Amino acid sequence: MIAEGKIIKIAGPVITADGMRGTQMHEMVKVGEDKLIGEIIELEGDTATIQVYEETAGMKPGEVVESTGGPLSVELGPGIIGSIFDGIQRPLETIKILTGDYIKRGVDVPSLPKDKKWKFIPTAKAGTEVKGGDVIGEVQETSAVVQKIMIPPKVSGTLKSIVSEGEYTVEEDIAEVESSGEVTKVQMMQKWAVRVGRPYKNKLDPDIPLVTGQRAQDTFFPVAKGGTAAIPGPFGSGKTVTQQQLAKWADADIIVYVGCGERGNEMTEVLKEFPELEDPKTGKPLMDRTVLIANTSNMPVAAREACVYTGITIAEYFRDMGYDVALMADSTSRWAEAMREISGRLEEMPGEEGYPAYLASRLAQFYERAGRVTAVGTEDKIASVSVVGAVSPPGGDLSEPVTQNTLRITKVFWALDASLADKRHFPSIDWLQSYSLYIDSVEGWWDSTVGEDWRKTRDEAMALLQKESELQEIVQLVGPDALPDKERITLESTRMIREDFLQQNAYHEVDTYCSSSKQYKMLKTIMMFHEKATAALERGAASGDIIAVSAKEDLGRMKYIPEAEFDEKIKEIQDKIIKQTSEV
């Protein structure tokens, strides 16, 4: 029996209804004549408090609230990749066709196209034993993604029957699984509650880096596959641009980009640019392996709270197929503000700065769903979900609650500096404030794959940057000419690390992406200059003559050397450095 109640109180997106006995927490309901989608967030007796995911203006007490009998869920199956959804997985392009440029209240559109037929190729045979997560067929969803049709996680038994190769809709039965005399029908589409993490066999150590092609992130502050990273920074410091670069270049099979509460014009840029971007891996459109979830600041606040769960559930679904997934959440501050508004309307006791007392636990629940895991199923499929969350602290104040609670949970901190952004230094990652707790974990991969002394080279460069910050205080007081020759060489070396290595041109066809090998050789060459320059100084050479060598100009241009020519050119530059520093 599905419960039905009546609205007795309305407070913006939060309404109260009585007659709701028999319902459960987080159950989906339809509210009023327009059947607006809502979720029960509090129960007391037969009175339910409901978070409505649409505008509630014009509603009145006495209108009917109808339970759907299940929690807020997403539809998972062919049709997800390349789609643009709102926070509760309604397809925005389909809604635009139906209602125009503005979303009509109560519009009811299926998340996945139910009438479209997909070519299903079976990969399992009737009579075999199967369990949750086993792949029984494939659908070529886009040019870049083969969607693997899996047995739902809680189903196991004998594959009684499976359809032959052909075209089917997501709701048609394609297989039957028999267990203890009971037969379960399997479709290409699964439904999953967004607040419940999908199961996995076991979590693995995050010891493989998520290579992003961005030198500051990969070499100095790496994130591992299955890791978590935060990008805090004030407005205009480049959070969105940094996340878009990661979305384009990160070493992930699937990208899920969640715009939760950012300004409409920022999300519009993403929606316009992503369909036009070329995937550097395949040469096809980047949207062929991307899912966009758009919930901007002018959309209902309540749906903003749900959109990150929608995104992470879609990411886990593709992880279960064996894919590496990268999720970008922009920005978790707007998500936290939505929680604060809902909490205020519920008249809950506020925590620091008005945020709910459970802010930290909600952030942890979201980020802990990241990880590199062995997915469920007969075969061991190792896959990952990596989460990068932007944080927008008001006024760039990193001591505010959302930033601080995020830092306690995430393992990588890419702190963006507005002053660097003003100088057009991209990415504007402050190398003195940022850190990564994955360096020890991924060191083995870098040493075996790229260079044995990667860690040593990286640590020496970092030590120089820290030394530079101490010297800058003296330089501001007495000027660089008053420094000893050794410190002047240090300042010149750190200038090259900052300008020729850390600074990267996202719009340059060569410099927008830098391979791991190229990153290592670039930094190694700069550190070689520092080493040879210091040795020349000890032999009695003047610092001015060392700094004036022409090889420095070649160091400044090495980032623009194409990958195909890099090994040959960098050897020439290194020989030039050795020759010129030995001659001064």
Side-chain angles (χ1 to χ4, degrees), residues 205-234 237-239 242-243 245-246 250 326 328-329 331-333 360 363-364 367-368 370-372 386-393 396-421 425-447 450 454-470 472 494 497-498 501-504 516 519-520 523 527:
D205 291 336
D207 54 8
I208 298 175
L210 179 72
V211 178
T212 66
Q214 312 305 300
R215 291 185 290 271
Q217 286 99 317
D218 288 351
T219 298
F220 281 85
F221 313 109
V223 63
K225 281 187 177 178
T228 54
I231 313 181
S237 59
K239 294 185 296 296
T242 302
Q243 284 198 315
Q245 273 293 93
L246 298 181
M328 315 291 162
S331 115
T332 54
S333 292
L363 283 166
Y367 281 107
E368 74 181 2
R372 185 164 166 264
S386 311
V387 176
V388 178
V391 187
S392 309
D397 176 18
L398 299 184
S399 66
E400 59 89 40
V402 181
T403 308
Q404 287 302 308
N405 282 301
T406 302
L407 291 187
R408 292 189 189 105
I409 300 158
T410 57
K411 299 288 184 70
V412 178
F413 177 56
W414 293 324
L416 302 189
D417 187 342
S419 63
L420 284 174
H425 185 292
F426 175 83
S428 56
I429 292 174
D430 187 325
W431 47 87
L432 297 177
Q433 284 196 75
S434 303
Y435 62 80
S436 170
L437 301 181
Y438 293 118
I439 292 172
D440 291 337
S441 302
V442 302
E443 180 183 350
W445 183 91
W446 279 90
D447 286 349
V450 181
W454 170 82
R455 177 67 181 271
K456 179 174 174 284
T457 307
R458 181 248 175 222
D459 288 352
E460 286 174 354
M462 197 70 220
L464 280 181
L465 289 170
Q466 288 165 344
K467 176 72 174 173
E468 181 200 35
S469 124
E470 297 166 13
Q472 286 297 345
T494 53
I497 294 172
R498 287 188 287 105
F501 186 82
L502 289 174
Q503 193 169 352
Q504 200 161 345
S516 307
Q519 291 181 41
Y520 166 71
L523 189 61
M527 295 309 293

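Quick caveat: nothing in here was measured; it's all calculated off a predicted structure. All values below come from the heavy atoms of this structure, side chains included, with hydrogens, waters and symmetry mates left out.
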Output the distance between atom [atom1] ([X]) and atom [atom2] ([Y]), rounded to the nearest 0.5 Å.
X      : Y      : atom1 : atom2 : result
Asp440 : Asp207 : CG    : CG    : 12.0 Å
Gln466 : Trp431 : CD    : CH2   : 12.0 Å
Tyr435 : Met462 : OH    : CE    : 13.5 Å
Phe501 : Met527 : CZ    : CE    : 11.0 Å
Phe221 : Ile439 : CZ    : CD1   : 7.5 Å

Taking all non-hydrogen atoms of both residues into account, name the closest pair between [X] and [Y] and its distance.
X      : Y      : value
Ala329 : Gln243 : O-NE2, 3.3 Å
Leu416 : Pro234 : O-CD, 3.8 Å
Ala364 : Ile409 : N-CD1, 3.5 Å
Asp417 : Asp430 : OD2-OD2, 3.5 Å
Gly226 : Ser386 : N-OG, 2.8 Å
Leu464 : Ile497 : CD1-CD1, 4.2 Å

Side chains of [X] and [Y]: closer than 4.5 Å at any heavy-atom pair?
X      : Y      : result
Lys239 : Val391 : no
His425 : Leu502 : yes
Phe413 : Leu437 : no
Thr228 : Glu368 : no
Trp446 : Thr457 : no
Val388 : Ile231 : yes
Tyr438 : Pro209 : no
Glu468 : Arg498 : yes

Residues two or more places apart in sequence or in another chain: which of them pass salt bridge (Lys or Arg N to Asp or Glu O under 4.0 Å) with Glu400? none
By the salt bridge (charged side-chain N to carboxylate O under 4.0 Å, His left out) test, which pairs, at least two apart or in different chains, include something from residues 221-231? Lys225-Asp251, Lys225-Asp324
Quick test of your reading: applying salt bridge (charged side-chain N to carboxylate O under 4.0 Å, His left out), list the pairs with at least one residue in residues 456-465, sequence neighbours left out, ordered by first then second residue. Arg455-Asp459, Lys456-Glu460
Taking the side chain from [X] and the backbone from [Y], do they hold a donor-acceptor pair closer than 3.5 Å?
X      : Y      : value
Ser436 : Pro222 : yes
Gln404 : Leu398 : yes
Arg372 : Gly227 : no
Gln214 : Leu246 : no
Asp218 : Val211 : no
Ser392 : Ser333 : no
Thr332 : Ala390 : yes
Asp397 : Pro393 : no

Thr212 and Gln217: side-chain donor and acceptor closer than 3.5 Å? no
